[in-house]
Undergrad: 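I am attaching a structure below and will ask some questions about it afterwards.
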Amino acid sequence: MIYIVMNLLPIGLATVAGLVIGLIWLRVSAILLPGWPVLVLAVLAEFWLASILAGALILAPSQAGEWTMALGSAFVIWIGFVLPAIGVTLAVHGIGRGRVISAALHWLVIMVTQAAIMQGWGLVAPPGT
């Protein structure tokens, strides 16, 4: 987890980008903006998501090219973890298909944007990796 401390700036920038995208997405979707408790939770979630994605980008093999691996890693994590979790959770709560699709796409856009920011900024691998 030392890589998080070593990469606080790119992870922080990716976190802020995720929050901005989320707030714009809510506004465009005509969904009420959340209160402070939800925003605090969103900050923590965006930071953790960016941190995990940063770890994946640091460890990703570069055979396919840095940008292919960066954006591909974001997509694979999204399709393998985020999409199923969002899809099942929202479906169980009776949320309509349109909202499920919107939520899933929202997180895909965030993850690809976060990966692009961190790849563009450059991540520092911890010693010994």
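This chain uses plain numbering: 1 for the first residue, then up along the sequence.
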Undergrad: Do you reckon Leu44 sits in the same ILVMFWY cluster as Ile21, going by side-chain contacts under 4.5 Å, direct or chained?
TA: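 Looking at the clustering, Ile21 is in a separate group from Leu44.
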Undergrad: With a 4.5 Å limit on heavy-atom distance, are the side chains of Leu53 and Met118 in contact?
TA: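 Contact flag for Leu53/Met118 side chains = yes.
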Undergrad: Apply side chain to side chain contact (heavy atoms under 4.5 Å, CB included) to residues Phe47 and Leu8 and explain how you reach the verdict.
TA: CA-CA 10 Å; Phe47 180 81; Leu8 273 178; 3.9 Å; yes
Undergrad: Tell me, do Leu49 and Trp107 make a side-chain contact under 4.5 Å, heavy atoms counted?
TA: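 In short, these two side chains touch, coming nearer than 4.5 Å.
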Undergrad: Identify the two heavy atoms, one from Pro126 and one from Ile58, that lie closest to each other, and give their separation to 0.1 Å.
TA: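 Looks like CD-CG2, 4.1 Å.
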Undergrad: Calculate, to the nearest 0.5 Å, the distance between atoms CD1 and CZ belonging to Ile101 and Arg99 respectively.
TA: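 If I round to the nearest 0.5 Å, the distance is 12.5 Å.
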Undergrad: Ile117 and Leu13: which non-hydrogen atoms are nearest, and at how many Å?
TA: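 Smallest interatomic distance, heavy atoms only, reads CG2-CB, 4.0 Å.
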Undergrad: Are any non-hydrogen side-chain atoms of Met111 and Ile77 less than 4.5 angstrom apart?
TA: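 Heavy-atom side-chain distance check passes, below 4.5 Å.
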Undergrad: Nearest 0.5 Å, please: how far is NE2 in His106 from CG in Leu26?
TA: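 The distance works out to 6.5 Å.
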Undergrad: Met69, Phe75: one ILVMFWY side-chain cluster at the under-4.5 Å cut-off?
TA: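 No.
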Undergrad: So, do Val109 and Trp25 sit near enough that their side-chain heavy atoms are less than 4.5 Å apart?
TA: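 SC-SC contact between Val109 and Trp25 confirmed.
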Undergrad: Working to the nearest 0.5 Å, report the span between CG of Asn7 and CG of Leu123.
TA: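 Atom-to-atom, Asn7:CG and Leu123:CG are 4.5 Å apart.
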Undergrad: Is any side-chain heavy atom of Ile4 closer than 4.5 Å to a side-chain heavy atom of Met1?
TA: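 In short, these two side chains touch, coming nearer than 4.5 Å.
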Undergrad: When Glu46 is tested against each of Ile11, Leu41, Leu19 for side-chain contact (heavy atoms from CB on, under 4.5 Å), which residue passes?
TA: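 Single side-chain contact (heavy atoms from CB on, under 4.5 Å) partner of Glu46 among Ile11, Leu41, Leu19: Leu19.
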Undergrad: Kindly compute the distance separating CD1 (Ile86) from CH2 (Trp78), expressed to the nearest 0.5 Å.
TA: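 Rounded to the nearest 0.5 Å, the CD1-CH2 separation comes out at 8.5 Å.
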Undergrad: Keeping the roles fixed (side chain from Trp48, backbone from Val43), state whether a donor-acceptor pair exists under 3.5 Å.
TA: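 Judged by distance alone, no pair lies under 3.5 Å.
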Undergrad: Between atom CZ of Arg97 and atom CG of Leu90, what is the distance when rounded to the nearest 0.5 Å?
TA: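 Reported value, rounded in 0.5 Å steps: 14.0 Å.
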Undergrad: Examine Val112 and Leu105 and state if one hydrophobic cluster contains both, with Ile, Leu, Val, Met, Phe, Trp and Tyr joined whenever side-chain heavy atoms are less than 4.5 Å apart.
TA: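 Yes: a chain of side-chain contacts under 4.5 Å links Val112 to Leu105.
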Undergrad: Give me the atom names and distance for the closest heavy-atom approach of Thr113 to Ala17.
TA: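 For Thr113 and Ala17, the tightest heavy-atom pair comes out as CG2-CB, 4.2 Å.
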Undergrad: So, for Leu83 and Ala104, which heavy atoms are closest and what is the spacing to 0.1 Å?
TA: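 Between these two residues, the closest heavy atoms are CD1-CB, 3.6 Å.
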Undergrad: Gln119 side chain to Trp67 main-chain N or O, any donor-acceptor pair under 3.5 Å?
TA: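 Not a single qualifying donor-acceptor pair exists.
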Undergrad: Ignoring hydrogens, what is the shortest heavy-atom contact between Ala14 and Ala50? Give both atom names and the distance.
TA: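 Where Ala14 meets Ala50 most closely, the heavy atoms are CB-CB, 3.9 Å.
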Undergrad: Is any side-chain heavy atom of Val124 less than 4.5 Å from a side-chain heavy atom of Tyr3?
TA: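 The answer is no, as the side chains (C-beta and beyond) never meet within the 4.5 Å cut-off.
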Undergrad: For residues Leu39 and Pro34, report the shortest heavy-atom separation together with the two atoms involved.
TA: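 Nearest heavy atoms, Leu39 then Pro34: CD2-CG, 3.8 Å.
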Undergrad: Would you say Leu108 and Ile79 make side-chain contact, with heavy atoms under 4.5 Å?
TA: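 In short, these two side chains do not touch, never coming nearer than 4.5 Å.
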Undergrad: Leu59 versus Ser73: any side-chain heavy-atom pair under 4.5 Å?
TA: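 They are not in contact (no side-chain heavy atoms under 4.5 Å apart), so the answer is no.
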